Amino acid sequence: ETGVTQSPTHLIKTRGQQVTLRCSSQSGHNTVSWYQQALGQGPQFIFQYYREEENGRGNFPPRFSGLQFPNYSSELNVNALELDDSALYLCASSLGEGELFFGEGSRLTVL
Amino acid sequence: AQRVTQPEKLLSVFKGAPVELKCNYSYSGSPELFWYVQYSRQRLQLLLRHISRESIKGFTADLNKGETSFHLKKPFAQEEDSAMYYCALKNNAGNMLTFGGGTRLMVKP
């Protein structure tokens, strides 16, 4: 059984740039959730995708967008990067509303 | 709005001492509460959930609706319990989790 994998593990961008983060869900899972974890804080819910449709969204601006593909993998896109977007981005997959399984995260630094 | 508060950023105890990691929540509906743990260099993983009322690695947590708390307890801490612990609340409208800020538990030999 393959767990949740995320890429890239680390990346550095500058303000105003755009970034795409990728997530492969655990085998058999059809739901992907994305969380942002700023330094010293708990994860904060960005949005969730179920069967390629957005299925819930947290308090994040529209420049945070996502996709889910037919194989249930997912992308998180952030446009017009700001310094405060620097964080660890966590992907979690699940089978519907079952237990969440987290990836190791993508650490984004915005300069 | 739902909220989860973990008042302690750091909790340091000696091996064999009892441990209590505090978690308080605010939520207007019927809450579903979880504890997640992140060991050093490992990913975030589920430790336990209140609905299953189980004990995992010697840890237990009881949901107290009157005090809106879900404290995590263990009678005798072990060095391998050292980790970051996050309390989380799941709302009724899906699989969205609201996490607390986390407590770092350090168990000293």
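Remember, predicted model here, so these are calculated numbers, not experimental data. Numbers restart at 1 for each chain; the letters A, B, ... are given by sequence-line order, proteins then strands.
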Return one line per donor-acceptor pair between chain B and chain A under 3.5 Å, naming both atoms and the distance rounded to 0.1 Å.
{"from": "B:Lys9", "atom 1": "NZ", "to": "A:Gly40", "atom 2": "O", "distance (Å)": "2.8"}
{"from": "B:Arg43", "atom 1": "NH1", "to": "A:Val4", "atom 2": "O", "distance (Å)": "2.9"}
{"from": "B:Arg43", "atom 1": "NH1", "to": "A:Phe102", "atom 2": "O", "distance (Å)": "3.1"}
{"from": "B:Tyr86", "atom 1": "OH", "to": "A:Gln37", "atom 2": "NE2", "distance (Å)": "2.8"}
{"from": "B:Lys90", "atom 1": "NZ", "to": "A:Glu97", "atom 2": "O", "distance (Å)": "3.1"}
{"from": "B:Asn95", "atom 1": "ND2", "to": "A:Ser94", "atom 2": "OG", "distance (Å)": "3.4"}
{"from": "B:Asn95", "atom 1": "ND2", "to": "A:Gly96", "atom 2": "O", "distance (Å)": "3.4"}
{"from": "B:Asn95", "atom 1": "ND2", "to": "A:Gly98", "atom 2": "O", "distance (Å)": "3.2"}
{"from": "B:Leu97", "atom 1": "N", "to": "A:Tyr35", "atom 2": "OH", "distance (Å)": "3.0"}

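In this structure a side-chain-to-backbone donor-acceptor pair under 3.5 Å is present from B:Lys74 to B:Lys57.
For the atom pair B:Phe99 CZ and B:Leu44 CG, the distance stands at 5.5 Å (nearest 0.5 Å). Expressed to the nearest 0.5 Å, how far CG of B:Leu33 lies from CG of B:Leu72 amounts to 11.5 Å. Note that CZ of A:Phe102 and CG of A:Leu90 are 6.5 Å apart. Values are rounded to the nearest 0.5 Å.
Linking Ile, Leu, Val, Met, Phe, Trp and Tyr whenever their side-chain heavy atoms come within less than 4.5 Å leaves B:Val37 and A:Leu88 in two separate clusters.
Every pair passing disulfide (SG to SG under 2.5 Å) that includes a residue from residues 48-95 of chain B is listed here, sequence neighbours excluded: B:Cys23-B:Cys87.
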